[in-house]
There are 2 protein chains.
Amino acid sequence: MTIKPRSDVASSSAEAADTRERILLEAARLLRHHGYAATTLREIADAAGVKAGSIYYHFESKEEILGEVLDKGITIVADAVRTRIEALPANASWRDRIAAGIEGHLWGMLHYGDFTSANIRVYGQIPTSAKNHHKIVRRAYADYWDRLFESALASGELRQDTGLAMIRLFVIGALNWTVEWYNPQRGSFQDFARQITAIVFDGILTHDKV
Amino acid sequence: MTIKPRSDVASSSAEAADTRERILLEAARLLRHHGYAATTLREIADAAGVKAGSIYYHFESKEEILGEVLDKGITIVADAVRTRIEALPANASWRDRIAAGIEGHLWGMLHYGDFTSANIRVYGQIPTSAKNHHKIVRRAYADYWDRLFESALASGELRQDTGLAMIRLFVIGALNWTVEWYNPQRGSFQDFARQITAIVFDGILTHDKV
DNA sequence: GTCTATAACCCGATAGAC
DNA sequence: GTCTATCGGGTTATAGAC
């Protein structure tokens, strides 16, 4: 029996994977700017440098592409957050952990804007089947933040006159929306993250401290 | 010459205005939940209790309906904000004015959710012609808040280590997004507005005050 | 003012050649 | 793996009856 040269297999599958990745990338960009219904498979194919029919070799349907773009939008951010928090020393304060989480969340949101903006823009406007599947990924990420805030509350570092879910929804929502107005030309990302964190932690008013 | 009885004129034009209003209302609801491209004139007509062709007696195009829904989403909120701030005593602090503005913004956002959510959801995904027209309404409202924050900064009530535009974009963005997660069953609107204002003013951490 | 009917066009998905 | 060609269906907008 003959065995196909490995280089052939690797090359062919690598190219296929590459095409698949390109389709996802362009799909994210188009979903972000035109929404789900207005984004056509012909447009995606054009942008990815293939013909519309070829998409069906890589994906089963338009909805499957949507699902992968949505999931990627969350996992990119979630991974960035977890990486930064786990890199902190074991005795880090909850304040420091939340700060690291905010920095990671912002970094993911702003450096993968097509995936993250597409996610928050189209999530409210997609078929319920796609929504139900993607909900699970969202729920897991929300739970991660809830545990973080819960610990901060128990340690006395978080304000206690406001509901925990409310703090999470408000903060994550506010951070998410930065992708819609962040302008990299107005300063470094590090400065941006520092300023956002300061507002989230201490608010917009001046305070007399002890 | 004969003059048409006034009741007839009033009745007929009132009914036309009513149909028009119903079309806008249902359009806002559908735009919110399905996006611009996926919202069809047949659906809007169905929901409004007329046939698709009849829409063209009241509007010139689908884009004109979109434009009116978008504008209404901003003007409802802007009117609520201005009304509350202008009702304050002349010597009110800038802190109190901003608090009144936040309460008004939240009230408008949450009590006209179909118009306001449709606005923030579809704005990034519409034809540039519609965007360019609506931009003007948005700009005027942003300017209003900028003046408010500028005065608060001059009086020393606003933190000075952060850009002014950044504060406005962050706060308005965070307030806007509440329409996506606010749950009226979890407490009164007044409580909600009070808690949001507290977070915006003082942040999510505990602070030792003088 | 609202209707029916239809023109002109674009969509997702599939079949089958290469 | 990618192509061309096409099916069945839905879209905005218009024309003209009532």
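These numbers come from the heavy atoms of this one structure, side chains and all, not from hydrogens, waters or symmetry mates. Per chain, numbering begins at 1; letters A, B, ... match sequence-line order.
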B/F189 ring center near B/H111 ring center (under 6.0 Å):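 Yes, close enough.
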A/F192/A/W181 aromatic ring centres below 6.0 Å: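 A/F192 vs A/W181: aromatic centres under 6.0 Å.
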Nearest listed nucleotide, side chain of B/K51, among C/dC11, C/dT4, C/dT2: C/dT4
Nearest-nucleotide pick for A/L41, side chain only, options being C/dA13, C/dC3, D/dT2: C/dA13
Establish, with yes or no, whether the OP1 or OP2 oxygen of [N] is under 4.0 angstrom from a side-chain nitrogen or oxygen of [X].
{"X": "A/K62", "N": "C/dG12", "answer": "yes"}
{"X": "B/T19", "N": "C/dT2", "answer": "yes"}
{"X": "A/S61", "N": "C/dG12", "answer": "no"}
{"X": "A/S54", "N": "D/dG1", "answer": "no"}
{"X": "A/Y57", "N": "D/dT2", "answer": "no"}

Rounded to whole Å, please give me the gap between [atom1] in [X] and [atom2] in [N].
{"X": "B/E60", "N": "D/dT12", "atom1": "CD", "atom2": "C1'", "answer": "14 Å"}
{"X": "A/I55", "N": "C/dT14", "atom1": "CD1", "atom2": "P", "answer": "13 Å"}
{"X": "A/E64", "N": "C/dG12", "atom1": "CD", "atom2": "P", "answer": "15 Å"}
{"X": "B/D46", "N": "C/dC3", "atom1": "CG", "atom2": "P", "answer": "10 Å"}
{"X": "A/R22", "N": "D/dG1", "atom1": "CZ", "atom2": "C1'", "answer": "12 Å"}
{"X": "B/Y56", "N": "C/dT4", "atom1": "OH", "atom2": "P", "answer": "16 Å"}
{"X": "B/H58", "N": "C/dG1", "atom1": "NE2", "atom2": "P", "answer": "8 Å"}
{"X": "B/I65", "N": "D/dT12", "atom1": "CD1", "atom2": "P", "answer": "10 Å"}

Aromatic ring pairing B/Y144/B/Y141, orientation class (parallel under 30°, perpendicular over 60°, tilted between):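 Because their plane-to-plane angle is under 30°, the rings of B/Y144 and B/Y141 count as parallel.
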Test log, rule side chain to side chain contact (heavy atoms under 4.5 Å, CB included), inputs B/T197 and B/E103: CA-CA 8 Å; B/T197 306; B/E103 204 266 346; 5.7 Å; no
Whichever of A/A52 and A/A38 has its nearest DNA chain C nucleotide further upstream toward 5': A/A38
Distance-only side-chain donor-acceptor flag, A/N119 / A/R32, under 3.5 Å: no
Under 3.5 Å donor-acceptor pair, B/R42 side-chain atoms to D/dG10 base atoms: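 For B/R42, whose side chain was compared with the base of D/dG10, there is no donor-acceptor pair (under 3.5 Å).
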Helical bend (five base pairs per end, nearest 10°) for the helix from C/dG1-D/dC18 to C/dC18-D/dG1: 0°
A/K131, A/H134, A/H133 screened by side chain to side chain contact (heavy atoms under 4.5 Å, CB included) with A/L70, the one that passes: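 For A/L70, the side chain to side chain contact (heavy atoms under 4.5 Å, CB included) check succeeds only for A/H134.
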Side chain to side chain contact (heavy atoms under 4.5 Å, CB included) assessment of A/I167 paired with B/I199: CA-CA 8 Å; A/I167 288 184; B/I199 297 178; 4.2 Å; yes
